Trainee: 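Here it is, the structure, as structure tokens.
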Amino acid sequence: MIKNNIRVRFAPSPTGFLHVGGARTALFNWLFARHSGGTFILRIEDTDRERSKPEYEEAILRDMRWLGLDWDEGPEAGGEKGPYFQTQRGSLYKKELEKLIFTGNAYPCFCSQEELAADREAQIAVGKIYRYSGKCAQLTADEAEEKSRKGELSAIRLRVKEGFTTFTDIVRGQVTVNHEEIDDLILVRRDGEPTYNFVAVVDDALMEISHVIRGDDHLPNTPKQILVYNALGFKIPQFAHIPLILGPDRSPLSKRHGASSVSEFKRQGYLPETMVNYLALLGWSFDGKTEIFSQEELIQKFSLERVVKSAAAFDYEKLQWLNGHYLRAMDDEKMFQLCRDYLLENKIISQKYVQSEDIYLRRVVALVRGNLKLISQIDEQLTYFLNDVYAYDPQALIKFKTAENISVFERVIKVLNETDSLAPIPLEERFRKEAVSMERKFSELVHPMRLAITGRTNSPNLFEIMEVIGKDRCLDRLQRFLNSIQKTKG
RNA sequence: GACCCCAUCGUCUAGAGGCCUAGGACACCUGGUUUUCAUCCAGGCAACACGAGUUCGAAUCUCGUUGGGGUCACCA
């Protein structure tokens with residue numbers, strides 16, 4: 001496919017799992033790229049060597065793939081503008097830094113951390129806002145050289161002149177910041193490591209990023225970065241800052257609200273199509289009416305102009321409803337595979353059982369799937385299919401374990417014994433007739449039977465269950481229930 | 001605290017001066033379908049944060065107040 005000049009990127013730090021906020025940022029970038037025929041780039045911002053871990057990096061790639069967010073350039077994909085790991089781009093930063101020093105847009109700062117800290121405290125004590133004094137900005141080239149010759153270490157700062165920076169954000173509109181609000185920011189630390197606001201700009205510029213789509217939290221960084229773009233002589237990209245995702249209590253979404261990382265949602269039994277659809281709806285809408293979007297429809301309909309400005313609270317209930325929707329729409333084979341994988345992963349059933357009972361399991365899943373909103377709920381739907389001994393619902397037990405039900409169960413067992421085929425429709429017909437002849441309501445027959453055969457008051461179609469479980473097991477279960485009534489009531 | 005951003009039902013949102021007695025979805029409530037649950041169907045509850053302007057007319061424009069969020073690092 002021929003790509004145009006639209007290039008966007010998602011740039012996670014491998015310091016943790018992929019958070020839903022990050023996932024949505026990635027999604028919006030991806031949708032924008034796919035919609036416009038542009039290029040989607042994945043860049044790993046791993047310069048925080050203490051917190052970055054390879055396992056997080058792997059997890060992020062895995063979760064991105066699970067969501068279906070494929071990247072055109074980046075780790076494992078390669079690309080012309082690499083490397084795509086910041087830790088491998090040191091020489092590029094060095095080269096750009098030299099440009100800045102040569103043009104006088106950056107200068108060495110010899111102030112020690114202690115000095116700066118003291119300065120800060122002094123200013124705060126007087127009730128002023130802390131700003132770097134600009135002391136080292138005054139140093140002449142000779143003075144600076146003299147200091148370095150004496151072995152004094154320096155950080156490198158950007159020289160910020162007076163004035164205002166204005167930019168137009170695609171979702172926020174025009175934003176203006178007075179340079180008084182901006183310090184002479186550090187570009188390279190005393191230890192030689194470049195800082196985020198410097199490397200992000202260099203990377204975005206060198207990778208020819210046309211649209212920077214990222215979280216709201218970067219909005220205050222943007223004027224600083226524009227200053228760096230200008231100092232470097234690079235073209236400024238378009239910016240689009242998307243609002244943050246909050247928890248149900250409107251504080252930033254975190255683990256204490258429940259699941260907050262993509263892998264956690266996956267583990268709980270959510271589908272990737274659910275996550276993509278829901279995340280797209282969180283902060284974006286098409287017409288305010290349509291709720292269900294396939295990935296193709298999202299690509300076709302997405303636009304940054306329709307991204308909302310305000311932060312959205314994550315609604316776990318709506319997510320679950322959506323998942324139920326996608327689960328219902330799924331074909332039996334895929335549903336079976338997902339359930340089987342879930343049951344195997346959580347060691348609820350063994351590989352051996354899956355192999356020997358393949359047909360049985362398929363029929364069971366097809367039966368109970370109607371009640372699932374999460375794949376993980378398959379577990380508790382399965383109890384009476386996997387075990388012949390199970391607890392009875394206590395309330396229902398009181399209701400149905402009655403002396404008068406003795407004759408009911410005797411009849412039911414007799415009828416079932418005389419029945420050869422358990423095909424659900426004729427079987428139901430047979431019991432309907434039986435209810436009439438017993439002068440009982442059909443439900444008065446079905447409910448006690450359900451309790452005996454499943455242990456519960458609700459289940460899928462009882463007669464389909466009976467067919468799947470088989471005549472012998474059903475008779476055993478009915479007989480066992482009858483015996484227990486006779487023992488206490490007889 | 002300073003600076004920046006935001007503000008429509010409980011939640012996600014539609015709404016870009018008259019189409020709004022504010023629409024849709026989740027949740028909730030009622031009824032229907034079903035052997036039960038789930039589904040499905042029908043209906044209901046429920047919001048323009050507040051106060052001043054501008055205007056013939058404001059959810060929509062302006063200002064202020066309040067509330068929420070973000071950022072203020074030699075973290076990313």
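Note that the coordinates shown come from a computational prediction; the quantities given were computed from them, not determined experimentally. Excluded from the calculations below are hydrogen atoms, water molecules and symmetry mates; all remaining heavy atoms, backbone and side chain alike, are included. Residue numbers start from 1 in every chain, and the chains themselves are labelled A, B, ... in the order their sequence lines are given, proteins ahead of strands.
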Trainee: Any side-chain N or O of A:Arg432 less than 4.0 Å from the OP1 or OP2 oxygen of B:U35?
Mentor: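 It does, given that an N or O in the side chain of A:Arg432 lies less than 4.0 Å from OP1 or OP2 of B:U35.
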
Trainee: Which whole number of Å gives the distance between the P atom of B:G18 and that of B:U60?
Mentor: 12 Å

Trainee: Please tell me if A:Ser459 has a side-chain N or O lying less than 4.0 Å from either OP1 or OP2 of B:U36.
Mentor: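 Answer is no, no contact under 4.0 Å.
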
Trainee: Please determine, for the side chain of A:Ser285, which listed nucleotide (B:C6, B:U13, B:G70) has the closest atom?
Mentor: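 Looking only at heavy atoms from C-beta outward on A:Ser285, the closest nucleotide is B:U13.
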
Trainee: Taking CD from A:Glu380 and C1' from B:A38, how many angstroms apart are they, rounded to a whole number?
Mentor: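 Whole-Å distance recorded here is 12 Å.
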
Trainee: Side-chain donor-acceptor pair under 3.5 Å between A:Ser303 and A:His35, yes or no?
Mentor: no

Trainee: Who does B:G43 pair with, Watson-Crick or G-U, both distances under 3.5 Å?
Mentor: B:C29

Trainee: Do A:Asp203 and A:Tyr93 meet the criterion of a side-chain donor-acceptor pair at a distance under 3.5 Å?
Mentor: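 The answer is yes; a qualifying pair exists.
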
Trainee: Tell me the interatomic distance from A:Asn371, atom CG, to B:U36, atom C1', rounded to whole angstroms.
Mentor: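 Those two atoms, CG and C1', are 10 Å apart.
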
Trainee: Once you apply a heavy-atom cut-off of 4.0 Å, does A:Thr195 come out as touching a base, just sugar-phosphate, or nothing?
Mentor: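 Touches sugar-phosphate only.
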
Trainee: Does a distance-only test, which skips hydrogens and angles, find a donor-acceptor pair under 3.5 Å between the side chain of A:Lys289 and the base of B:A14?
Mentor: no

Trainee: Rounded to whole Å, please give me the gap between NZ in A:Lys309 and P in B:C6.
Mentor: 6 Å

Trainee: Does the side chain of A:Arg43 get closer than 4.0 angstrom to OP1 or OP2 of B:A76 through an N or O atom?
Mentor: no

Trainee: Check the distance between B:C26's C1' and A:Leu322's CG and give it to me in whole angstrom.
Mentor: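 Interatomic distance, CG of A:Leu322 to C1' of B:C26: 9 Å.
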
Trainee: What is the distance from CG of A:Asp183 to C1' of B:C75, rounded to the nearest Å?
Mentor: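 Going from CG in A:Asp183 over to C1' in B:C75 covers 16 Å.
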
Trainee: Could you please name the partner base of B:U34, counting Watson-Crick and G-U wobble pairs only when both distances are under 3.5 Å?
Mentor: none

Trainee: Which of the following nucleotides, B:A7, B:C37, B:A76, is nearest to the side chain of A:Asn458?
Mentor: B:C37

Trainee: Do A:Tyr326 and A:Asn277 have side-chain N/O donor and acceptor atoms under 3.5 Å apart?
Mentor: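 Per modelled atom types, A:Tyr326 and A:Asn277 side chains form a pair under 3.5 Å.
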
Trainee: May I have the distance from A:Gln174 (atom CD) to B:C4 (atom C1'), rounded to whole angstrom?
Mentor: 14 Å

Trainee: Give A:Ala312 one of three labels, base, sugar-phosphate or nothing, depending on what nucleic acid heavy atoms sit under 4.0 Å from its own.
Mentor: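 Result for A:Ala312 = sugar-phosphate.
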
Trainee: What about A:Asn461: does its side chain form a donor-acceptor pair under 3.5 Å with the base of B:U35?
Mentor: yes

Trainee: Suppose you measure atom P in B:A16 against the same atom in B:U21; what distance do you get, rounded to whole Å?
Mentor: 14 Å

Trainee: Ignoring hydrogens and angles, are the base of B:C12 and the side chain of A:Asp315 linked by a donor-acceptor pair under 3.5 Å?
Mentor: no

Trainee: Name the nucleic acid region contacted by A:Leu462, choosing base, sugar-phosphate or nothing; use a 4.0 angstrom heavy-atom cut-off, strictly under.
Mentor: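 Touches a base.
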
Trainee: Against A:His241, only a single residue in A:Arg214, A:Lys309, A:His218 fulfils side chain to side chain donor-acceptor pair (under 3.5 Å); can you say which?
Mentor: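 That would be A:Arg214.
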
Trainee: Does the B:U39 base have a donor-acceptor partner in the side chain of A:Arg328 within less than 3.5 Å?
Mentor: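 Answer no: no donor N or O sits under 3.5 Å from an acceptor.
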
Trainee: Any idea which of B:A76, B:U11, B:A27 is nearest the A:Lys373 side chain?
Mentor: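 The answer is B:A27.
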
Trainee: Write down the distance between CD (A:Gln395) and C1' (B:C37), rounded to a whole number of angstrom.
Mentor: 16 Å

Trainee: Which listed nucleotide (B:G24, B:C4, B:C74) is nearest to the side chain of A:Ala155?
Mentor: B:C74

Trainee: C1' atom, B:A14 versus B:G23: distance in rounded Å?
Mentor: 6 Å

Trainee: Suppose you measure atom C1' in B:A38 against the same atom in B:C75; what distance do you get, rounded to whole Å?
Mentor: 49 Å

Trainee: What nucleotide, of B:G70, B:U35, B:A25, holds the atom closest to the side chain of A:Leu244?
Mentor: B:G70

Trainee: Give A:His218 one of three labels, base, sugar-phosphate or nothing, depending on what nucleic acid heavy atoms sit under 4.0 Å from its own.
Mentor: base

Trainee: Which part of the nucleic acid does A:Arg306 contact within heavy-atom distance under 4.0 Å: base, sugar-phosphate only, or nothing?
Mentor: sugar-phosphate

Trainee: When rounded to the nearest Å, what value does the distance between C1' atoms of B:C40 and B:A22 take?
Mentor: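 Each nucleotide's C1' atom is 29 Å from the other's.
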
Trainee: Could you state the atom-to-atom distance from CG of A:Leu185 to C1' of B:U71 in whole Å?
Mentor: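 Going from CG in A:Leu185 over to C1' in B:U71 covers 14 Å.
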
Trainee: Using a strict threshold of under 4.0 Å (side-chain N to carboxylate O), is an ion pair present between A:Glu434 and A:Arg440?
Mentor: no

Trainee: Could you check A:Val175 against A:Arg450 and say which one's nearest nucleotide on RNA chain B is further toward the 5' end?
Mentor: A:Val175

Trainee: Which nucleotide sits closest to the side chain of A:Glu181: B:C26, B:A76, B:C3?
Mentor: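 The answer is B:C3.
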
Trainee: Should A:Asp184 and A:Arg159 count as an ion pair when the cut-off is N to O under 4.0 Å?
Mentor: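 Between A:Arg159 and A:Asp184 there is no salt bridge, as every charged N stays at least 4.0 Å from the carboxylate O atoms.
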
Trainee: Quick one: which of B:A27, B:U35, B:G69 gets closest to the side chain of A:Trp321?
Mentor: B:A27

Trainee: Under 3.5 Å, is there a donor-acceptor pair between the A:Arg256 and A:Ser251 side chains?
Mentor: yes

Trainee: Have a look at A:Val308 and say if it touches a base, only the backbone sugar-phosphate, or nothing, with a 4.0 Å heavy-atom cut-off.
Mentor: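 Sugar-phosphate only.
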
Trainee: What nucleotide among B:U35, B:C75, B:C12 has an atom nearest to a side-chain atom of A:Glu428?
Mentor: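 Among B:U35, B:C75, B:C12, the one nearest the side chain of A:Glu428 is B:U35.
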
Trainee: Would you classify A:Gly283 as touching base, sugar-phosphate or nothing, given that sugar-phosphate means primed atoms plus P, OP1 and OP2, and contacts are heavy atoms under 4.0 Å?
Mentor: sugar-phosphate

Trainee: What distance, rounded to whole Å, do you find between the two C1' atoms, one in B:A47 and one in B:G15?
Mentor: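 Those two atoms are separated by 13 Å.
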
Trainee: Less than 4.0 angstrom between a side-chain N/O of A:Thr47 and OP1 or OP2 of B:A76, yes or no?
Mentor: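 Yes, within the criterion.
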
Trainee: Is a donor from one side chain sitting under 3.5 angstrom from an acceptor on the other, for A:Thr457 and A:Asp393?
Mentor: no

Trainee: Pairing check on B:C3: which nucleotide meets the Watson-Crick or G-U wobble criteria with it, both distances under 3.5 Å?
Mentor: B:G70

Trainee: Of A:Trp284 and A:Val188, whose closest RNA chain B nucleotide lies nearer the 5' terminus?
Mentor: A:Trp284

Trainee: What contact category does A:Pro248 fall into here, base, sugar-phosphate, or nothing, at under 4.0 angstrom with non-hydrogen atoms?
Mentor: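 Contact class for A:Pro248: none.
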
Trainee: Is a donor-acceptor contact shorter than 3.5 angstrom present between the side chain of A:Arg189 and the base of B:C74?
Mentor: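 No pair found.
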
Trainee: State whether the side chain of A:Asn178 and the backbone N or O of A:Glu181 hold a donor-acceptor pair below 3.5 Å, judged by distance alone.
Mentor: no

Trainee: Looking for any heavy atom pair under 4.0 Å, which part of the strands does A:Glu317 touch: base, sugar-phosphate only, or nothing?
Mentor: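 The answer is sugar-phosphate, as A:Glu317 gets under 4.0 Å only of primed atoms, P, OP1 or OP2.
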
Trainee: How far, in whole Å, is B:C63 from B:U55 if one measures between their C1' atoms?
Mentor: 16 Å

Trainee: Between B:A58 and B:C50, how far apart are the two P atoms, rounded to whole Å?
Mentor: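 Roughly 15 Å separates the two P atoms.
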
